[in-house]
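Before any comments, here is the structure.
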Amino acid sequence: MRSFLPKLFSRRQVLRSLGGVASVAGAAALGLGQGSKPAPQGEVGGHSGHYMGAADPKQMGHGNNLTVGAVDHQANGFDPLRLLVDWDYGKVSTLPSGQTLREYEFVAQEKEIEIAPGVFFPAWTYNGRVPGPTIRCTEGDRIRVRFTNSSSHPHTIHFHGIHPAEMDGTPLPGNGGLVQPGQSFTYEFTAEPFGCHLYHCHSLSLKRHIHKGMYGAFVVDPKGGRPPAREFVMVMNAFDTNFDGGNEVYAVNSVAFEYARRAIPLKLGELVRIYLINVLEFDLINTFHLHANMFDYYDHGTTLEPTLRRVDTISQVQGQRGIVEFRYKFPGMYMFHPHVSEFTELGWMGHFNVVRPEDFAEALQSVGLDAAWDQKSLQGSTVPWKGGEQA
């Protein structure tokens, strides 16, 4: 059994190691990116104290702090860059009524995952990953999720959206109830409304089941689709590594600083759409800030018109979610992070690598991605764009 390095460090001790003199163990857990270069004057996408122009993304950081080394994504069973576009459409068929049926198999498992280089967390998972599978469907589809509990604790799946009480996945009588170890339960309902939703375990204590990793994205496309865009799902999460009721490691899609170490490739001028979900436990609020740009925001994703226009920072409480849309006007390396400085310094920070179309293949290759990832990011929707008309 691995020893858990974070037990040696409180949240504040980790911050001190990031900001100044770090012990060897502290650097291995969440440490300094050694050898970072000073910020050149006038670098596109950069500003004082943030070197954004390094050829090697591992040299880039917020105040020069990054993790040391790399997480073993193969051992984890998921790669955060691939989770961005890993849409799960289920097994698709058509019911006699003509309604589309999407069937899913979910299994609750206990699994140790690496959340930063050398930092392991005893997670509770859906299908062996955190976050769980990103369910994607169209409004009006029939969703059937067969859930098997292969763990040692009672669990449920609670879906945000509209459905009958018996499919609500809570311990209340008539609400689906707890699924005991070794038992199964099938959740079935019609997906509505369209939007950016989520699911999570609703067993008690609720905060324990959520912070241990039992959550995922539930994207319901409008019947008329949305305008073509490069699409990503980002689940903002964190981990209480020493179980003291406070988080020590913050991330998007579970691995600290992964999108800083491996910048997300974008094409200059293209529309980008992020399905953004906050499942942060123990902290009251999370935020998303985009550098050198503005975005439109669709709260909960349940409208076809933005609820906020031309902003660069939004806040979400736990369980809140929405859609972020933007385009970049200039090429360069651009940061995104929460405007909660402590979260940024403890792992929740990344970069978009905005390049001209002729340089996109090279940008993909530099972070271990390929044409299949490109296609998934561009063709994730279950509905072709129909000009916004609802069928």
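Since this is a predicted model, take the numbers as computed values, not measurements.
Using a 30° and 60° split on the angle between ring planes, Phe336 and Tyr259 fall in the tilted class, from 30° to 60°. Between Tyr187 and Phe147, the ring-plane angle classifies as tilted under the 30° and 60° cut-offs.
Panel note: side chain Gln316, backbone Asn286; no donor-acceptor pair is recorded below 3.5 Å. Within the 3.5 Å criterion, the main-chain N or O of Ser315 finds no donor-acceptor partner in the side chain of Thr287. In terms of modelled atom types and a separation under 3.5 Å, the side chain of Asp240 and the main chain of Gly245 share a donor-acceptor contact. With Tyr250 contributing its side chain and Glu342 its backbone, the two residues share no donor-acceptor pair below 3.5 Å. Using modelled atom types, one side-chain atom of Asp141 and one backbone atom of Thr138 make a donor-acceptor pair closer than 3.5 Å. A donor-acceptor contact shorter than 3.5 Å is absent between the side chain of Asp168 and the backbone of Thr170. One N or O on the side chain of Asp79 and one on the backbone of Leu81 form a donor-acceptor pair closer than 3.5 Å.
Arg142 and Glu188 are joined by a salt bridge, as a carboxylate oxygen and a charged side-chain nitrogen come within less than 4.0 angstrom of each other. Between Arg144 and Glu103, at least one side-chain N (NZ, or NE/NH1/NH2) sits under 4.0 Å from a carboxylate O, which counts as a salt bridge. Looking at Lys223 and Glu139, no side-chain N of the basic residue comes within less than 4.0 Å of a carboxylate O on the acidic one, giving no salt bridge.
For the pair Gln379/Glu231, no side-chain contact is recorded, criterion being any heavy-atom separation below 4.5 Å from C-beta on.
Screening Val255, Thr241, Asn237 for a side-chain contact (heavy atoms from CB on, under 4.5 Å) involving Ile115 leaves a single residue, Thr241. Just one of Val85, Leu276, Asn253 meets the side-chain contact (heavy atoms from CB on, under 4.5 Å) condition when paired with Phe232; it is Val85. Considering Phe330, Tyr334, Phe326 as possible partners of Phe352, the one that fulfils the ring pair (Phe, Tyr, Trp, His ring centres under 6.0 Å) test is Phe326. For the side-chain hydrogen bond (donor to acceptor under 3.5 Å, both in side chains) with Asp86, the qualifying choice from Arg136, Lys376, Arg129 is Arg129, the only one to do so.
In this structure, Leu284 places its CG atom where only 12 or fewer heavy-atom neighbours from other residues, nucleotides or ligands lie under 6.0 Å away. Counting heavy-atom neighbours within 6.0 Å of Glu358 CD, excluding the residue itself, gives a total above 12. Applying the 6.0 Å contact sphere to CD of Gln365 captures no more than 12 heavy atoms from other residues, nucleotides or ligands.
Both Val367 and Trp373 belong to a single network of hydrophobic side chains, linked directly or stepwise wherever heavy atoms of I, L, V, M, F, W or Y lie under 4.5 Å apart.
We find the CZ-CD distance between Phe194 and Glu192 to be 12.0 Å, quoted to the nearest 0.5 Å. The distance from atom CH2 of Trp87 to atom OG1 of Thr134, rounded to the nearest 0.5 Å, is 6.5 Å. Interatomic distance, Lys267 NZ to Ser377 OG, rounded to the nearest 0.5 Å: 8.5 Å. Atom SG of Cys196 sits about 11.5 Å away from atom CZ of Arg273, to the nearest 0.5 Å. Atom CZ of residue Arg226 and atom CG of residue Asp221 lie 7.5 Å apart, to the nearest 0.5 angstrom.
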